[in-house]
Amino acid sequence: MTNKEIARLLKNMAAAYTILGENRFKIIAYENAASSISSSVQEVQQLAREGKLSQIGGVGPSISAHLDELFKKGKSIHFDTVLAKIPPAVFPLLEIPGFGPKKAIKLVSKLGLKNKNTAIADLQKAAREGKIAPLEGFGEKSQQDILKSIDLYRNLGGKEQRMPLPFASNIASDYVSYLEKLKSTQNIATLGSLRRSLPTIGDVDLAVATDNPPETIHSFIAYPSVSRVVEEGSEGATVLLQNSEHVDLRIIDKKRWGSMLQYFTGSKKHNIRLREYALKKGYSLNEYGIKEVKTGKMHLFETEESLYKFLGLLYIPPEIREDRGEIEAAEKNQLPDLIQLSQVKGDLQVHSSYPIEPSHDLGADTMKDMINKAKKLGYKFVAFTEHNPSISKHTTAQIIEIMKKRKAKIEQLKDSTKSVRILNLLEIDIMTDGVLALPDKALDYIDAGLASIHSSFNQPPEQMTRRVLKGLSHPKIKIYAHPTGRLINQREGIKAQYSEIFTYCAQNHKAIEINAYPLRLDLPDDLIIEARKKGCKFTLGTDAHDISGMDLMTYGVSLARRGWLTRHDILNALEYNELYQWLTN
DNA sequence: GCCGTTTTCGGCCCGACTGTTTTCAGTCG
């Protein structure tokens, strides 16, 4: 079963319990478990095999026992018994926007919907025939809304696409510099997942504090790339851009800027935890401020810093507001000193146009150009990591010849370049059987290698894990590059036993790459956290195939920050000599 | 059902919006 299927099952359990009138906290528990499973990048069934189900937040002894039974025997008696008490036609209706358990059961029973396979179509027919409006609790308006929601559901087809962070970030920064030019603009910021630097973004949300809201809103909707104004009000507006990217503007009162920014930045789970924390101290927290429960006195916050401080907490950076222990850490003065872009002294994955005749894509710019770019970025070092020469198109002797020449070229550049040190690395495929796609002797011509998967992404987890570990076992290989192999919106990552891989890397002097390429943003943050706990070191690489690609290091840094990493976890923060020693040791 | 510097019991966030209601229920974020 996929995570999505498991999450849906638990969501259905929550719905069933809602209809059956179960304890509402039990319902919330099932919903929480469903939501953390649906957002997990680790395969839950795999975790179950390793006996690690309880690692997932919100999955405790009861749910994990039922899931274990389900995975081992193909069904869970408990789940089946509860779900059997609900008419089956209820469940498909839950997928329609605006439908919850109560509305679904009411319609299913009053309209007599029996067939779960045709439930949505049957409902649509009933609405068209005007059979919903007369029902108690419904009316003409809700009948129309149901028809609209069904259309919406059908159009979406359940697959809403999220933008990779760098795309959303570009849209936002262009919009921000446009709105900043207004004299009335006092404060401006991004909100939500964009501000927390999630790898993928749904809507771009912006906040503006202004002394002239109408002017701000007018300018917002008059922005040149707006293709359609979806909503326009006194507190904000929503527009669609050329490629139907959704952008929301929210006008925020300067006196409450801190509270609103905090609230709309989220995450939801962080906010819930923060409110629970505040309540224990006698404060009720909402998006407008903090209320003293006893006296009703309201405190307003112009900055987030003052808000967190008022609650006795250090300022929590947006990237780690995910309810992963950050509030407790802020309380105890134990927040990590997260890595910053300025601490990154070089790029450890760059592809030049050097004619290495690779099996994958070559870069577009010369080594020289990329070195100059590295200088401009203020780097102390840069690593060339072209793909290995194609092994199907060359003999071993030819490959060695290519590698020899490349080494000579890099040596020459090393000698002639003072300000930036150059590393002679190579990105080498791990073939399906775990063998490196480079003859052993050819590895003599590099300082160290990155190993990565570029084919047969669908091997079963055990086989994939053995393949990766075998590839990494070569003494020259020091970095496991773009570890999951995912391409956002295009390809799921490999299925592997990551905890085994991380343990191996921590114990065998292998670093894990955090790849900043926009469609990769790989490793995902929860796996970074797991790898860090095992003691792994990390590298940052843009995977740039031209000089402009080298500007995207900031997204690798965001990802590392989301994974709680500091400069001590990341090899790019070392001085060149220490780094060279680490890679050649 | 989950969870823990309030840890094996006794808690469990807060408000907006919508449509149907004359004070609330359901859904959403």
Side-chain angles (χ1 to χ4, degrees), chain A residues 10-11 13-37 39 53-67 78-79 82 93-107 132-146 148-149 152 191-193 196 202-203 205 231 233 235-236 248 250 256 259-260 262-291 293 298 311-313 323 325 327-334:
Chain A
L10 296 178
K11 226 180 96 192
M13 282 293 294
Y17 275 146
T18 307
I19 292 165
L20 295 170
E22 254 291 357
N23 175 306
R24 69 190 177 97
F25 296 111
K26 191 195 268 196
I27 295 164
I28 291 171
Y30 270 89
E31 280 167 352
N32 285 340
S35 118
S36 49
I37 286 175
S39 66
L53 272 183
S54 53
Q55 272 184 10
I56 306 163
V59 177
S62 171
I63 292 179
S64 77
H66 297 314
L67 286 177
H78 175 69
F79 292 162
V82 174
L93 300 192
L94 299 176
E95 306 301 321
I96 303 171
F99 272 67
K102 302 276 177 82
K103 192 189 280 185
I105 186 69
K106 213 185 265 178
L107 288 169
I132 291 178
L135 300 177
E136 193 192 336
F138 294 88
E140 193 55 43
K141 181 74 171 66
S142 50
Q143 182 166 273
Q144 289 312 310
D145 286 348
I146 287 171
K148 274 187 212 153
S149 294
L152 188 65
L191 300 169
S193 53
R196 303 201 312 282
D203 303 342
D205 294 322
E231 255 180 56
E235 303 287 313
D248 278 339
R250 192 174 294 275
R256 302 171 191 269
S259 294
M260 298 288 264
Q262 195 287 319
Y263 173 78
F264 287 111
T265 296
S267 66
K268 188 182 170 189
K269 284 172 87 176
H270 173 85
N271 286 356
I272 289 174
R273 184 55 63 98
L274 193 65
R275 286 188 189 145
E276 287 173 359
Y277 174 84
L279 213 49
K280 283 175 194 163
K281 298 200 157 192
Y283 300 114
S284 173
L285 175 64
N286 63 27
E287 57 261 55
Y288 305 109
I290 294 178
K291 194 167 74 179
V293 174
M298 195 73 172
L311 293 171
L313 298 171
D323 187 25
I327 291 172
E328 295 76 0
E331 186 185 18
K332 289 185 222 154
N333 215 344
Q334 287 172 355

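Labels below follow one simple rule: chain letters A, B, ... track the order of the sequence lines, proteins then strands, and each chain is numbered from 1. The figures that follow rest on heavy atoms only: side chains count, while hydrogens, waters and symmetry mates do not.
Nearest to the side-chain atoms of A:Lys332 among the listed nucleotides B:dG1, B:dG15, B:dT5 stands B:dT5. Comparing B:dT6, B:dG1, B:dC14 by their closest approach to the side chain of A:Asn286 singles out B:dC14. Of the candidates B:dG15, B:dC2, B:dG19, B:dC2 carries the atom nearest the A:Ser62 side chain, counting heavy atoms from C-beta on. Taking only side-chain atoms of A:His66, from C-beta outward, the nucleotide of B:dG26, B:dG1, B:dA16 with the closest atom is B:dG1. When the nucleotides B:dG1, B:dC13, B:dG19 are ranked by their closest atom to the side chain of A:Lys141, B:dG19 comes out on top. With B:dG29, B:dC12, B:dT18 as the choices, the nucleotide that has an atom nearest any side-chain atom of A:Phe25 turns out to be B:dC12.
In this structure, A:His78 reaches the sugar-phosphate backbone alone: every heavy-atom distance under 4.0 Å involves primed, P, OP1 or OP2 atoms, never a base. Residue contacts shown for A:Leu279 are limited to sugar-phosphate atoms, with no base heavy atom under 4.0 Å away. Contacts of A:Lys268 with the nucleic acid, taken as non-hydrogen atoms under 4.0 Å apart, include base atoms. Across all strands, A:Leu285 comes closer than 4.0 Å only to sugar-phosphate atoms, never to a base (heavy-atom distances). Here A:Ile272 lies in heavy-atom contact (under 4.0 Å) with a base. Among the protein residues, A:Asn271 comes within range of no part of the nucleic acid, since none of its heavy atoms lies under 4.0 Å from any strand. Residue contacts shown for A:Tyr263 include a base, since a base heavy atom lies under 4.0 Å away. Among the protein residues, A:Glu287 comes within range of the sugar-phosphate backbone only, with heavy atoms under 4.0 Å from sugar or phosphate atoms but none that close to a base.
Judged by the 6.0 Å distance and 45° axis criteria, A:Lys11 is not positioned over the aromatic ring of A:Tyr30. Judged by the 6.0 Å and 45° rule, A:Lys103 forms a cation-pi pair with A:Phe99.
What separates CG of A:Leu135 from P of B:dG19 is a distance of 17 Å, to the nearest Å. Taking atom CG on A:Asn32 and atom P on B:dC12, their separation rounds to 15 Å, with Å as the unit. We find that CG of A:Asp248 is positioned 12 Å from P of B:dG29, with the value rounded to whole Å. One atom, CG of A:Leu53, and another, P of B:dC3, lie 12 Å apart when rounded to the nearest Å. A straight line from CG of A:Leu107 to P of B:dT27 spans 10 Å, rounded to a whole angstrom. The OH atom of A:Tyr277 sits 12 Å away from the P atom of B:dT5 (whole-angstrom rounding). Across the protein-nucleic acid pair, A:Glu235 atom CD and B:dC17 atom C1' stand 14 Å apart, rounded to whole Å. Going from atom CD1 of A:Ile327 over to atom P of B:dC3 covers 16 Å, rounded to whole Å.
Looking only at side-chain heavy atoms (C-beta outward), A:Asn271 and A:Leu285 stay at 4.5 Å or farther from each other. At least one side-chain heavy atom of A:Arg196 sits under 4.5 Å from a side-chain heavy atom of A:Thr265.
Counting heavy-atom neighbours within 6.0 Å of A:Glu95 CD, excluding the residue itself, gives a total above 12.
Atom P of B:dG1 sits at a distance of 24 Å from the matching atom of B:dT5, rounded to the whole Å. Using atom P as the reference point in both B:dT27 and B:dT20, the two lie 14 Å apart (nearest Å). The gap from the P atom of B:dG11 to that of B:dT18 amounts to 36 Å, rounded to the nearest Å. Spacing of C1' atoms, B:dC13 relative to B:dT23, comes out at 23 Å, to the nearest Å. Atom P of B:dG19 sits at a distance of 48 Å from the matching atom of B:dC9, rounded to the whole Å. The gap from the C1' atom of B:dT7 to that of B:dC12 amounts to 15 Å, rounded to the nearest Å. The same atom, C1', is picked in B:dT8 and in B:dC2; the two are 13 Å apart, to the nearest Å.
Mapping A:Leu94 and A:Lys291 onto DNA chain B by nearest heavy atom places A:Lys291 at the nucleotide closer to the 5' end. Two residues, A:Lys106 and A:Ile56, neighbour DNA chain B, and the one matched to the more 5' nucleotide by heavy-atom proximity is A:Ile56.
Taking side-chain N and O atoms only, A:Ser142 has a distance below 4.0 Å to OP1 or OP2 of B:dT20. Regarding contacts with the backbone of B:dA25, every side-chain N or O of A:Lys102 stays at 4.0 angstrom or more from both OP1 and OP2. Proximity of A:Tyr17 to the phosphate of B:dG1: a side-chain N or O atom is located under 4.0 Å from OP1 or OP2. Contact annotation: A:Tyr283 side-chain N/O to B:dC13 OP1/OP2 distance is not under 4.0 Å.
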Next item on the list: Walk me through it: do A:Leu20 and A:Val82 pass the test side-chain contact (heavy atoms from CB on, under 4.5 Å)?
Entry: CA-CA 9 Å; A:Leu20 295 170; A:Val82 174; 4.1 Å; yes
Notebook entry, point to check: Passes side-chain contact (heavy atoms from CB on, under 4.5 Å), A:Phe79 versus A:Met13? Steps please.
Noted result: CA-CA 7 Å; A:Phe79 292 162; A:Met13 282 293 294; 3.7 Å; yes
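A salt bridge between A:Lys281 and A:Glu276 is absent, with no side-chain N of the basic residue lying under 4.0 Å from a carboxylate O of the acidic one.
The partner of B:dT8 is absent, by the rule that a Watson-Crick or G-U pair needs both atom distances under 3.5 Å.
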